[in-house]
Amino acid sequence: MTPLGAWATARPQALLVFFDAVRMEKHRRFVDLGCGDGVAVCCAALFCRAVGIEADLSLCTEAQQNARALGLAHRTAFLCADFRHLRLYPFDVLYIYPDQPLTALEHKLSGWNGILLVYGPHFSPKDWKPIDVFRWERETLSLYAFPEPRGTEKASGKF
Ligand SMILES: C[S@@+](CC[C@H](N)C(=O)[O-])C[C@H]1O[C@@H](n2cnc3c(N)ncnc32)[C@H](O)[C@@H]1O
């Protein structure tokens with residue numbers, strides 16, 4: 001457990017497939033909301049600039065060390081904070097592997113432009129439908145776009 005949640009790590013092979021599929025290189029700035037040991041930030045940093053926000057100081061320090069060890073320090077930044085208290089408008093890609101319901105995040109995103117990536121099937125936004133769901137082995141990534149496109153049906157992508 002961490003001060004604000006529970007830590008589990010996403011699979012890097014799945015993340016690389018997913019980030020390639022969403023054409024992450026076309027985006028400006030990625031943020032992982034609750035970055036744990038930084039695995040998703042490091043994968044995203046291969047495509048664009050990437051920031052990790054993590055409530056747990058030791059995980060945040062580990063994430064920073066991992067990025068440095070991978071030669072990705074110049075494309076990454078880490079912040080030990082509660083993402084619910086931060087402005088998310090500088091980012092055009094939000095990624096989260098949620099360890100709890102997304103209610104607080106849903107309230108923060110009104111008026112925001114960009115894409116939200118939700119790893120895993122455990123928690124999903126209550127009021128939005130994904131425009132795509134990517135799959136790799138047992139892993140999934142759901143893609144939400146903001147502002148929400150009109151009349152978009154749920155689609156599914158398989159790998
Ligand atoms: C399931 S782990 C995901 C780790 C990483 N994002 C990944 O994909 O491998 C969730 C992380 O979110 C962090 N977390 C939960 N709520 C948070 C909050 N409000 N602000 C910052 N970090 C938070 C937890 O400490 C935990 O490390």
Side-chain angles (χ1 to χ4, degrees), residues 1-25 27 29-73 75-110 112 114-128 130 132-144 146 157 159:
M1 295 303 287
T2 71
L4 292 180
W7 179 52
T9 184
R11 291 176 68 191
Q13 301 97 316
L15 290 170
L16 291 173
V17 171
F18 295 153
F19 292 170
D20 187 45
V22 302
R23 308 198 62 193
M24 192 68 86
E25 71 282 359
H27 294 279
R29 205 167 294 164
F30 167 104
V31 64
D32 181 354
L33 305 172
C35 70
D37 66 359
V39 65
V41 175
C42 290
C43 289
L46 299 173
F47 299 85
C48 65
R49 294 200 172 270
V51 173
I53 302 168
E54 173 55 51
D56 185 287
L57 180 58
S58 62
L59 278 173
C60 196
T61 305
E62 195 181 324
Q64 221 156 6
Q65 288 165 348
N66 288 338
R68 205 174 302 133
L70 291 166
L72 292 168
R75 296 174 67 88
T76 57
F78 295 92
L79 186 62
C80 184
D82 180 340
F83 71 76
R84 294 171 301 182
H85 301 146
L86 299 179
R87 284 175 62 244
L88 300 176
Y89 286 86
F91 302 100
D92 57 346
V93 185
L94 305 182
Y95 163 94
I96 190 164
Y97 177 2
D99 54 9
Q100 53 202 289
L102 291 164
T103 325
L105 183 60
E106 289 185 62
H107 288 138
K108 275 185 87 73
L109 293 190
S110 83
W112 175 74
I115 61 169
L116 168 68
L117 304 173
V118 180
Y119 189 92
H122 313 293
F123 298 102
S124 40
K126 206 163 41 70
D127 293 329
W128 307 322
D132 217 337
V133 180
F134 302 99
R135 300 175 200 285
W136 184 83
E137 296 193 350
R138 291 181 166 191
E139 312 304 315
T140 62
L141 187 83
S142 302
L143 167 65
Y144 301 82
F146 297 89
F159 292 91

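Numbering of ligands and ligand atoms starts at 1, following listing order. Values reported hereafter were calculated over all heavy atoms of this structure, with side chains retained and with hydrogens, waters and symmetry mates removed.
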Locate the shortest heavy-atom distance separating C35 from V41; write the atom from each residue and the value.
CB-CG2, 4.0 Å
Give the residues near ligand 1 by chain and number, with the criterion being a heavy-atom distance under 4.0 Å.
T2, L4, A6, W7, A8, T9, A10, D32, G34, C35, G36, V39, E54, A55, L59, A81, D82, F83, R84, Y95, Y97, D99, Q100
Ignoring hydrogens and angles, write down the donor-acceptor pairs under 3.5 Å from the side chains of residues 77-92, residues two or more places apart or on other chains.
from: D82; atom 1: OD1; to: R84; atom 2: N; distance (Å): 2.9
from: D82; atom 1: OD1; to: R84; atom 2: NE; distance (Å): 3.0
from: D82; atom 1: OD2; to: R84; atom 2: NE; distance (Å): 3.1
from: D82; atom 1: OD2; to: R84; atom 2: NH2; distance (Å): 2.6
from: Y89; atom 1: OH; to: S110; atom 2: O; distance (Å): 2.9
from: D92; atom 1: OD1; to: R28; atom 2: N; distance (Å): 3.3
from: D92; atom 1: OD1; to: R29; atom 2: N; distance (Å): 2.8
from: D92; atom 1: OD2; to: R28; atom 2: N; distance (Å): 2.9

In terms of side-chain geometry, is the basic nitrogen of E25 or R23 positioned less than 4.0 Å from the acidic oxygen of its partner?
yes
Using 30° and 60° as the class limits, which term best fits the ring planes of F134 and F18: parallel, tilted or perpendicular?
tilted
How far apart are the closest heavy atoms of A40 and Y95, and which atoms are they?
CB-CE2, 3.5 Å
Aromatic ring pairing Y97/Y119, orientation class (parallel under 30°, perpendicular over 60°, tilted between):
tilted
